[in-house]
Amino acid sequence: PVLVTGAGRGIGKRLAMGFANNGARVGLLARSKPELDLCQLEIEHAGGNALRIRADVSDYEQVSAAVERMRVQFGSPVQVLVCAAAIQGPIGPFVDTTPKMWNETIHTNLLGVMNVCRAVLPGMIQRRKGKIIVLTSGAGSQARPNLAIYAATKAAVVSFVESVADEVRDHNVQINCMAPGATYTSMTDEVLRAGEVA
């Protein structure tokens, strides 16, 4: 089974649909029930097999329960994890933002990745088998004025993934980042709406 976070829309949804189209049983994890329902419907209409799981990646207990639900439903544990859940966060000069605005971005983009990885890695290490793909962006390696919080979370994710990759390498578990490049998603709409400030 493949677990995809952020599977309700954007790149996460497209990757979930791609795995399903290629015969994988896919767990769709996201916060939005309507988006999850639509993604599952599209996958099943195309002949695929998907389980929708409404959960927030920033809540470890919800994530852990989701991983267990997938194991029970599909009869086997998560073999591939795709971490696509992310939010844009505040757009504009850092000095115009507030800690409350940063917290949601950090909790979703960084702690969310940590939570899901922590939930699946012990089983992967025990079975000596597993793949994790974490979506990042160019913001993880270069300055992004007016998107400083988003850029900081992506840079932190890259460092986290590289560090954990070294820890699990000898257990035949691979964890890598993937920067898909410029892609039109709801985040693109947020940047366009922000206008010149972005």
Side-chain angles (χ1 to χ4, degrees), residues 1-74 78-91 100-117 119-120 132-137 139 147 149-150 153-154 157 177-194 198:
V2 178
L3 174 60
V4 180
T5 71
R9 62 184 178 205
I11 297 169
K13 178 178 180 178
R14 293 292 158 216
L15 289 173
M17 293 174 78
F19 275 107
N21 287 342
N22 283 287
R25 294 168 297 166
V26 182
L28 310 170
L29 191 149
R31 293 185 294 189
S32 167
K33 185 180 183 307
E35 290 176 349
L36 281 173
D37 290 346
L38 181 59
C39 185
Q40 182 186 34
L41 187 68
E42 289 178 39
I43 286 173
E44 291 182 348
H45 187 264
N49 186 351
L51 170 68
R52 66 184 187 280
I53 306 167
R54 191 167 175 224
D56 186 338
V57 293
S58 70
D59 184 322
Y60 180 74
E61 298 306 319
Q62 288 183 33
V63 166
S64 187
V67 168
E68 176 60 15
R69 186 170 162 215
M70 271 191 69
R71 187 191 64 75
V72 169
Q73 183 80 20
F74 290 136
V78 173
Q79 296 168 323
V80 176
L81 167 65
V82 178
C83 296
I87 60 173
Q88 187 80 64
I91 298 173
K100 184 178 180 187
M101 296 162 85
W102 317 334
N103 284 341
E104 186 185 9
T105 311
I106 292 167
H107 278 87
T108 301
N109 296 4
L110 176 58
L111 297 182
V113 170
M114 291 178 167
N115 285 337
V116 187
C117 288
V120 302
I132 300 175
I133 301 164
V134 180
L135 296 190
T136 185
S137 81
L147 292 167
I149 309 305
Y150 177 79
T153 62
K154 291 303 183 177
V157 162
C177 287
M178 181 178 85
T183 307
Y184 186 86
T185 67
S186 59
M187 285 189 189
T188 313
D189 291 333
E190 289 176 35
V191 171
L192 292 173
R193 276 194 302 273

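Keep in mind the model is a prediction, meaning the values are calculated, not measured. Hydrogens, waters and symmetry mates are skipped; everything else that's a heavy atom, side chains included, is used.
- To the nearest 0.5 Å, atoms CG (L51) and CZ (R25) are separated by 11.0 Å.
- I53 contributes atom CD1, which lies 11.0 Å from atom CD of E68 (distance to the nearest 0.5 angstrom).
- Interatomic distance, CZ of R52 versus NZ of K33, reported as 5.0 Å (0.5 Å rounding).
- Of the candidates V116, I11, L15, L15 is the only one forming a side-chain contact (heavy atoms from CB on, under 4.5 Å) with V82.
- In this structure, D56 and Q62 approach most closely via the heavy-atom pair N-OE1, 2.7 Å.
- Rounding to the nearest 0.5 Å places CD1 of I43 at 8.5 Å from NZ of K13.
- Nearest heavy-atom pair, C39 versus A7, reported as atom, atom and distance to 0.1 Å: SG-O, 3.5 Å.
- Residues A16 and V26 share a closest heavy-atom pair of O-CG2, 3.8 Å.
- Taking 4.5 Å as the limit, some side-chain heavy atom of L81 sits within range of a side-chain heavy atom of I132.
- No donor-acceptor pair closer than 3.5 Å links the side chain of E35 to the backbone N or O of R9.
- Counting only distance, with no hydrogens or angles, the side chain of N109 and the backbone of I87 share a donor-acceptor pair below 3.5 Å.
- Here the closest heavy-atom approach between residue V4 and residue G12 is recorded as CG1-O, 3.5 Å.
- With hydrogens and angles ignored, the 3.5 Å screen pairs a side-chain donor or acceptor of T108 with a backbone N or O of E104.
- Proximity of a side-chain donor or acceptor of T5 to a complementary backbone N or O of A84 within less than 3.5 Å is detected.
- Within the 4.5 Å cutoff, no side-chain heavy atoms of I149 are placed close to those of M101.
- For the atom pair SG of C83 and CG of L3, the computed distance is 8.0 Å after rounding to the nearest 0.5 Å.
- In terms of heavy atoms, A50 sits closest to E44 at O-OE2, 3.5 Å.
- Formation of a donor-acceptor pair under 3.5 Å by the R31 side chain with backbone atoms of A55 is not found in this model.
- The distance from atom OG1 of T105 to atom NZ of K100, rounded to the nearest 0.5 Å, is 12.5 Å.
- In terms of heavy atoms, L29 sits closest to A66 at CD1-CB, 3.6 Å.
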